[in-house]
Amino acid sequence: MEEFFGTPDEPRLPDGTGLNLKLIETAAGPVAGNADGTEQGLFRQHCAACHGITGDGAGAMATTFDPYPRDFRRGTFKYTTTRADAKPLRSDLRRTLLRGIPGTGMPSFAELPPEQLDALVEYVIYLSLRGETEQYLVQLVVDEGEYLPLGVDAKEMVLEDAVLWVAEQWAVVEQNPQEYVVPVPPRPVCGSDAERAASIARGKELYASKDAQCAQCHGPTGAGDGEDERIYDDWNKPKKGVTPEQTAKLARLYTLPLQRLRARDFRDGAFHGGSSPEDLYRRIHIGIKGTPMPAAGPQPGAKGVFTPEDIWDVVNYILSLSGEK
Ligand code: HEC
Ligand code: HEC
């Protein structure tokens with residue numbers, strides 16, 4: 001790990017990842033000011049208290065948040081413009097830094113200069129790439145009982161199968177946005193109150209339909225009180241045993257206790273991935289990665305439960321509930 005990625009003070013990268021080491025270096029290391037007025041150590045200054053120095057989401061303040069600060073090591077990000085099976089764009093991570101994640105502990109960093117945001121985005125990708133590589137190695141050793149011979153061949157294998165493979169997942173999205181970014185068709189204009197009411201009524205029906213299963217998690221009236229209460233995100237699922245005893249035993253293996261995930265109460269009006277109609281369209285089409293919230297729109301090779309027109313009706317329905325509280 002150290003040979004590929006260096007240390008938190010002196011990050012390093014093998015050739016061919018496509019990441020910008022200069023930017024990463026600005027975000028890394030201890031907090032300091034440079035002679036030319038630029039700043040160092042941005043991640044430790046602004047993020048590590050929550051996300052942890054290695055990006056494992058277990059910083060000193062982590063237990064006070066629900067959901068926990070994101071563990072970047074899975075390489076999964078919730079709020080993206082890219083389809084369900086793809087990495088985010090840099091601009092997706094940047095948007096999250098600019099507006100934060102309303103309704104969670106993730107604050108907005110809109111006051112930081114653009115070059116610092118670029119450095120932090122690059123550093124998140126670096127930590128994520130490092131984390132996915134670490135998990136790959138752990139899996140080899142623990143799950144498959146495979147001891148790594150510390151030879152040149154093993155290093156080549158890890159480089160090819162983990163580091164560069166993951167880096168490629170990030171690169172392809174950036175290089176072919178037309179293939180990976182989910183298009184948002186223009187929102188149909190409702191010319192009159194009657195038209196708007198009709199769209200909301202259609203949305204309500206689609207929402208309640210058996211195929212879509214929205215109500216199963218979000219409840220019949222969208223109050224987040226569906227019957228499916230035992231839901232967990234991908235970060236917490238491994239901590240959940242079948243029996244309470246198993247769960248207690250698993251707890252000893254993790255830094256943070258098991259945390260349940262709640263389906264959104266639409267009446268709150270605080271949508272985590274943004275509250276514009278377009279943001280909600282994306283959320284319903286793409287789903288929320290790393291959570292049981294499914295993708296309802298058409299995906300490559302799958303029709304999806306909703307057409308784009310359906311999704312706009314459902315967006316109108318959800319917006320009609322928003323702010324009810
Ligand atoms: C006060 C705690 C806190 C601080 C400080 C903080 N975060 Fe977060 N961050 C969170 C929480 C909590 C979440 C998870 C929200 C969720 O899962 O819905 C999160 C999520 C994220 C995500 C995931 C976005 C997605 O689409 O899944 C990124 C990226 C991120 N933070 C980056 C940063 C960076 C970079 C910094 C420093 C500039 C930072 N955060 C500072 C609490 C924090
Ligand atoms: C298996 C459970 C499940 C189903 C089925 C489900 N959701 Fe969700 N939904 C969730 C969870 C959990 C969250 C919150 C995830 C988080 O905060 O990480 C969520 C969040 C949302 C949000 C909030 C997005 C935001 O930015 O805050 C919307 C809107 C939404 N769901 C709409 C729908 C619609 C429409 C359907 C039906 C097509 C649906 N959901 C089906 C579990 C579900």
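We count residues from 1, following the sequence as given. In listed order, ligands and their atoms are each counted from 1.
Between Phe266 and His218, the angle of the ring planes stays under 30°, which puts this pair in the parallel group of the 30/60° scheme. Ring geometry, Phe72 versus His51: the interplanar angle falls under 30°, so the pair is classed parallel (tilted spans 30 to 60°).
Looking only at protein heavy atoms, the nearest one to atom 28 (C) of ligand 2 is Phe266 CE2, 3.5 Å. The nearest protein atom to atom 36 (C) of ligand 2, hydrogens excluded, is given as Cys214 SG, 2.8 Å; this is a heavy-atom distance. Looking only at protein heavy atoms, the nearest one to atom 38 (C) of ligand 1 is Cys47 SG, 2.7 Å. Closest to atom 5 (C) of ligand 1, if we only count protein heavy atoms, is His46 O, 3.3 Å. Scanning the protein heavy atoms around atom 26 (O) of ligand 2, the nearest turns out to be Gly273 N, 2.8 Å. Looking only at protein heavy atoms, the nearest one to atom 6 (C) of ligand 2 is Pro294 CD, 3.5 Å. Among protein heavy atoms, atom 33 (C) of ligand 2 sits closest to Met293 CE, 3.3 Å. Given atom 25 (C) of ligand 2, the protein heavy atom at minimum distance is His272 N, 3.4 Å. Nearest protein heavy-atom contact of atom 21 (C) of ligand 2 is His218 CE1, 3.4 Å. Among all non-hydrogen protein atoms, the one lying nearest atom 11 (C) of ligand 1 is Pro69 CA, 3.4 Å. Summary of contacts: the protein heavy atom closest to atom 15 (C) of ligand 2 is Ile288 CD1, 3.8 Å.
Looking at Asp92 and Arg95, a side-chain N of the basic residue comes within less than 4.0 Å of a carboxylate O on the acidic one, giving a salt bridge. Between Arg94 and Asp118, at least one side-chain N (NZ, or NE/NH1/NH2) sits under 4.0 Å from a carboxylate O, which counts as a salt bridge. Salt bridge annotation for Arg90-Glu174: present, with a cationic side-chain nitrogen under 4.0 angstrom from a carboxylate oxygen. Salt bridge status for Asp85 with Arg83: present, with a side-chain N to carboxylate O gap under 4.0 Å. Comment: Glu3 engages Lys155 in a salt bridge, judged by a side-chain N to carboxylate O separation of less than 4.0 angstrom. The pair Glu2-Arg12 does not meet the salt-bridge criterion, since no charged nitrogen lies less than 4.0 angstrom from a carboxylate oxygen. Salt-bridge check for Arg130 with Glu134: passed, with a basic side-chain N closer than 4.0 Å to an acidic carboxylate O.
For ligand 1, the atoms sitting less than 4.0 Å from at least one non-hydrogen atom of Val124 are 35 (C), numbered in the order shown with element in parentheses. For ligand 2 and Cys217, the ligand atoms under 4.0 Å from any heavy atom of the residue are 1 (C), 2 (C), 3 (C), 4 (C), 5 (C), 42 (C), 43 (C). Each of the following atoms of ligand 1 lies closer than 4.0 Å to a heavy atom of Leu120: 38 (C). Numbered from 1 in the order shown, with element, the atoms of ligand 1 that lie under 4.0 Å from a heavy atom of Phe72 read 28 (C), 29 (C), 30 (C), 32 (C). Remark: ligand 1 atoms within the under-4.0 Å shell around heavy atoms of Thr96 are 24 (C). Against a heavy-atom cut-off of under 4.0 Å, Pro292 is close to the following atoms of ligand 2: 1 (C). Close contacts of ligand 1 with Ile101, meaning ligand atoms under 4.0 Å from a residue heavy atom, involve 15 (C), 20 (C), 24 (C). Close contacts between ligand 2 and Val314 involve ligand atoms 35 (C) [criterion: under 4.0 Å to a heavy atom]. In summary, the atoms of ligand 2 found under 4.0 Å from a heavy atom of Thr291, numbered by their order in the structure, are 18 (O). Those atoms of ligand 2 that come under 4.0 Å of a heavy atom in Leu261, given as number and element, are 12 (C), 16 (C), 18 (O).
Side-chain contact check for Lys289 and Thr82: at least one donor-acceptor pair (N or O, by modelled atom type) lies under 3.5 Å. Of the N and O atoms on the side chains of Thr291 and Lys78, not one donor lies less than 3.5 Å from an acceptor on the other residue. In this structure, a donor-acceptor pair under 3.5 Å is present between the side chains of Asn34 and Gln40. With hydrogens and angles left out, the side-chain atoms of Arg187 and Asn316 include a donor and acceptor closer than 3.5 Å. A donor-acceptor contact under 3.5 angstrom links the side chains of Asn236 and Asp233, judged on distance only. In summary, the side chains of Thr7 and Asp9 do not present any donor paired with an acceptor at a separation below 3.5 Å, with no hydrogens or angles considered.
Of all the heavy atoms of Leu97, the ones lying under 4.0 Å from any atom of ligand 1 belong exclusively to the side chain. With a 4.0 Å cut-off on non-hydrogen atoms, Ile231 touches ligand 2 through its side chain and not its backbone. For Tyr68, every heavy-atom contact with ligand 1 shorter than 4.0 Å involves the backbone, none the side chain. Only the side chain of Phe65 comes within 4.0 Å of ligand 1, counting heavy atoms alone; its backbone N, CA, C and O stay farther away. Contact annotation: for Arg283 versus ligand 2, heavy atoms closer than 4.0 Å belong to the side chain alone. For Pro67, no heavy-atom contact with ligand 2 is shorter than 4.0 Å. Residue contacts with ligand 1 for Ala49 are absent, since no atom lies close enough (heavy atoms, distance under 4.0 Å).
Put simply, the angle at atom 8 (Fe) of ligand 1 from SD in Met106 to NE2 in His51 is close to 180°, to the nearest 10°.
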- [ ] Start with the C-alpha gap between Phe77 and Trp170, add the side-chain angles, then the distance that decides, and say whether ring pair (Phe, Tyr, Trp, His ring centres under 6.0 Å) holds.
- [x] CA-CA 12 Å; Phe77 294 87; Trp170 285 90; 5.7 Å; yes
- [ ] Begin from the C-alpha positions of Lys87 and Glu132 and carry the test salt bridge (Lys or Arg N to Asp or Glu O under 4.0 Å) through to its verdict.
- [x] CA-CA 13 Å; Lys87 294 286 188 204; Glu132 279 199 78; 2.7 Å; yes
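Here Tyr123 and Tyr126 bring their ring centres to under 6.0 angstrom of each other.
When Gln216, Arg264, Lys289, His285 are checked for heavy-atom proximity to atom 16 (C) of ligand 2, Arg264 turns out nearest. Compare Cys50, Ala48, Gly100 by their heavy atoms: the one nearest to atom 2 (C) of ligand 1 is in Cys50.
In terms of polar-atom proximity, defined here as any N/O pair under 3.5 Å, Tyr79 does make such a contact with ligand 1. Between Gln213 and ligand 2, a contact under 3.5 Å exists for no N or O pair. An N or O contact shorter than 3.5 Å links Lys78 to ligand 2 by distance. For ligand 1, the polar-atom distance check finds an N/O of Arg70 within less than 3.5 Å of one of the ligand's N/O atoms. Checking only distances, Thr76 never comes within under 3.5 Å of ligand 1, N or O to N or O.
Under a 4.0 Å heavy-atom criterion, Phe43 is not in contact with ligand 1.
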